[in-house]
K.L.:
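Sharing a structure with you now.
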Amino acid sequence: MKNSISIFQTISTQQKQIAVLIDPEKSQDESMLNELIQKCEFAGIDFIFIGGSTVTRQQFEKTASYIKSTTKIPLVIFPGSSQQLSNDADALLYLSLLSGRNPDFLIGHHIQSALELNEMNLEIIPTGYLLIDGGTQSSVAYVSQTTPIPRHNLTAVKQIALAAKFQGKQLIYMDAGSGALHCVPNEMIQMVKKLNLPLIVGGGIRSIEHLKEIHDAGANIAVIGNKLESDIEFLLELHSYKKKLVSKIEQIQYDHGQKKYF
Ligand code: 1GP
């Protein structure tokens with residue numbers, strides 16, 4: 001583990017955090033990547049997630065190394081396969097795609113990467129990964145050949161999230177898929193939150209309204225990818241949103257006579 005405070009601890013103890021997802025396959029231009037990272041820093045983005053559906057090992061490592069040399073924002077691997085590893089990252093979301101029944105994504109990639117991971121210096125965070133129908137076919141569904149959970153099937157989500165918890169998963173990641181038409185429904189987020197599991201939610205977040213709903217429903221981290229690929233200036237809106245959040249937290253702590261956190 002590289003940091004004294006673990007990434008998992010930060011994820012699980014803080015609310016309303018934001019991660020920006022960088023897909024190395026779509027971010028090969030270093031000046032564009034640099035601009036994105038600078039703007040992430042300005043916006044107060046909490047994490048950079050790196051991953052993609054079809055990225056090669058070489059592309060992955062190159063981008064991870066560039067990001068690490070450019071910023072102190074913690075870098076977390078959100079892997080699409082066992083090939084997406086880099087010692088430049090701080091942590092790895094060790095995903096099991098529990099909404100599907102494809103053994104490769106339940107345990108196969110994990111076995112393939114285990115010996116290598118054992119030699120690496122990454123914080124490994126066992127994560128139950130649930131794909132929720134976002135109204136369009138996502139690359140994850142296509143690549144994993146699995147079907148997402150229907151949007152209104154709260155029972156299925158509850159069953160899977162509980163099974164994940166009993167298996168020792170530390171986190172749940174609910175994903176409507178990159179470029180989803182609809183974000184993960186609020187009721188699903190609220191329900192999983194009640195199971196006392198830290199929660200990452202992504203897919204289809206394209207506005208501050210979406211982000212606010214997901215945060216207010218209980219997500220510890222909201223993940224934004226696609227929107228920034230077409231509109232990098234959205235980070236300015238994220239900056240204002242974060243600023244308001246910080247002053248709200250300061251106000252609450254002041255009201256309770258506590259020392260300020262920020
Ligand atoms: C997808 O959760 C991420 O796995 C982010 O989705 O690209 O739609 O923001 P978007």
Side-chain angles (χ1 to χ4, degrees), residues 11 16-27 32-33 36 39-40 43 45-55 60 63 73 75-81 84 89 91-100 102 105 109 125 127-149 151 157 171-186 188-189 192 198-215 217-235 237-238 241:
I11 294 176
K16 303 192 176 185
Q17 300 171 91
I18 302 175
V20 163
L21 174 63
I22 295 181
D23 181 344
E25 206 172 14
K26 298 178 190 163
S27 313
M32 278 166 72
L33 189 54
L36 176 68
K39 289 188 171 159
C40 284
I45 295 304
D46 301 278
F47 300 96
I48 292 179
F49 283 7
I50 177 168
S53 301
T54 50
V55 59
F60 190 87
T63 309
I73 300 174
L75 181 61
V76 177
I77 301 177
F78 170 49
S81 78
Q84 297 180 21
L92 164 73
L93 297 178
Y94 200 52
L95 303 176
S96 294
L97 180 54
L98 300 177
S99 52
N102 181 337
F105 290 84
H109 286 282
I125 307 174
T127 303
Y129 183 50
L130 280 67
L131 197 57
I132 313 294
D133 185 6
T136 177
Q137 199 197 29
S138 64
S139 344
V140 180
Y142 175 73
V143 171
S144 66
Q145 294 294 299
T146 63
T147 314
I149 303 172
R151 298 180 58 69
V157 170
L171 268 182
I172 296 291
Y173 189 141
M174 289 205 283
D175 195 352
S178 194
L181 295 178
H182 314 289
C183 300
V184 174
N186 294 339
M188 278 188 180
I189 301 172
V192 174
L199 193 51
I200 302 177
V201 178
I205 302 174
R206 283 183 301 276
S207 67
I208 297 297
E209 289 68 35
H210 289 152
L211 177 62
K212 196 172 171 326
E213 277 193 26
I214 282 170
H215 273 161
N220 295 69
I221 301 183
V223 186
I224 303 172
N226 220 270
K227 170 71 179 170
L228 295 170
E229 285 161 21
S230 57
D231 178 14
I232 197 170
E233 301 309 326
F234 184 55
L235 280 160
E237 291 180 50
L238 292 175
Y241 174 78

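Every number for a ligand or one of its atoms is a count from 1 in the order of the listing.
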K.L.:
Checking ring-ring contact (aromatic ring centres under 6.0 Å, His included) for the pair Phe105/Tyr129: CA distance, chi angles, key distance, verdict?
P.N.:
CA-CA 10 Å; Phe105 290 84; Tyr129 183 50; 9.4 Å; no

K.L.:
Quick one: does Tyr173 get within less than 4.0 Å of ligand 1, heavy atoms only?
P.N.:
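It does, in that a heavy atom of Tyr173 comes within the 4.0 Å cut-off of ligand 1.
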
K.L.:
Between the main-chain N or O of Gly135 and the side-chain N or O of Arg151, is there a donor-acceptor pair closer than 3.5 Å?
P.N.:
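No, because the side chain of Arg151 does not come within donor-acceptor range (under 3.5 Å) of the backbone of Gly135.
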
K.L.:
When only distance counts, is Gly179 in polar contact with ligand 1, meaning an N/O pair under 3.5 Å?
P.N.:
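Yes, there is a polar N/O contact under 3.5 Å.
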
K.L.:
Working to the nearest 0.5 Å, report the span between CZ of Phe60 and CD1 of Ile22.
P.N.:
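Phe60 CZ to Ile22 CD1: 11.0 Å, rounded to 0.5 Å.
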
K.L.:
Give the atom numbers and elements of ligand 1 that come within less than 4.0 Å of a heavy atom of Gly225.
P.N.:
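Ligand 1 atoms under the 4.0 Å threshold to Gly225: 7 (O), 9 (O), 10 (P).
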
K.L.:
Which atoms of ligand 1 have any heavy atom of Ile224 under 4.0 Å away?
P.N.:
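With Ile224 as reference, the close atoms of ligand 1 come out as 9 (O).
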
K.L.:
Out of Phe78, Tyr173, Phe47, which residue meets the side chain to side chain contact (heavy atoms under 4.5 Å, CB included) rule with Ile200?
P.N.:
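Of Phe78, Tyr173, Phe47, side chain to side chain contact (heavy atoms under 4.5 Å, CB included) with Ile200 is met by Tyr173 alone.
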
K.L.:
If the condition is ring-ring contact (aromatic ring centres under 6.0 Å, His included), which residues does Phe49 pass it with, not counting sequence neighbours?
P.N.:
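Once residues adjacent in sequence are excluded, Phe49 has no partner under the ring-ring contact (aromatic ring centres under 6.0 Å, His included) criterion.
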
K.L.:
Answer with yes or no whether the side chains of Tyr94 and His109 bring together a donor and an acceptor at under 3.5 Å.
P.N.:
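The criterion, which ignores hydrogens and geometry beyond distance, is not satisfied for Tyr94 and His109.
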
K.L.:
Any N or O on Leu21 sitting closer than 3.5 Å to an N or O of ligand 1?
P.N.:
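In this structure, Leu21 places no N or O atom under 3.5 Å from an N or O of ligand 1.
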
K.L.:
Quick one: look up the protein heavy atom nearest atom 4 (O) of ligand 1 and list residue, atom name and how far away it is.
P.N.:
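Sorting protein heavy atoms by distance from atom 4 (O) of ligand 1 puts Asp175 OD2, 2.5 Å first.
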
K.L.:
Quick one: look up the protein heavy atom nearest atom 5 (C) of ligand 1 and list residue, atom name and how far away it is.
P.N.:
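Result for atom 5 (C) of ligand 1: Gly203 N, 3.7 Å.
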
K.L.:
Side chains of Asn102 and Gln145: do they bring a donor and an acceptor to under 3.5 Å?
P.N.:
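No donor-acceptor contact under 3.5 Å links the two side chains.
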
K.L.:
Which atoms of ligand 1 are found less than 4.0 Å from any heavy atom of Ser178?
P.N.:
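Those of ligand 1 that fall under 4.0 Å from Ser178 are 1 (C), 6 (O), 7 (O), 8 (O), 10 (P).
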
K.L.:
Can you find an N/O atom of Phe78 closer than 3.5 Å to an N/O atom of ligand 1?
P.N.:
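No.
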
K.L.:
Give the atom numbers and elements of ligand 1 that come within less than 4.0 Å of a heavy atom of Gly202.
P.N.:
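The list of qualifying atoms is 2 (O).
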
K.L.:
Could you tell me whether Tyr129 and ligand 1 have an N or O pair separated by under 3.5 Å?
P.N.:
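For ligand 1, there is no N or O atom that lies under 3.5 Å from one belonging to Tyr129.
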
K.L.:
Who pairs with Asp133 by side chain to side chain donor-acceptor pair (under 3.5 Å), at least two apart in sequence or on another chain?
P.N.:
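Once residues adjacent in sequence are excluded, Asp133 has no partner under the side chain to side chain donor-acceptor pair (under 3.5 Å) criterion.
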
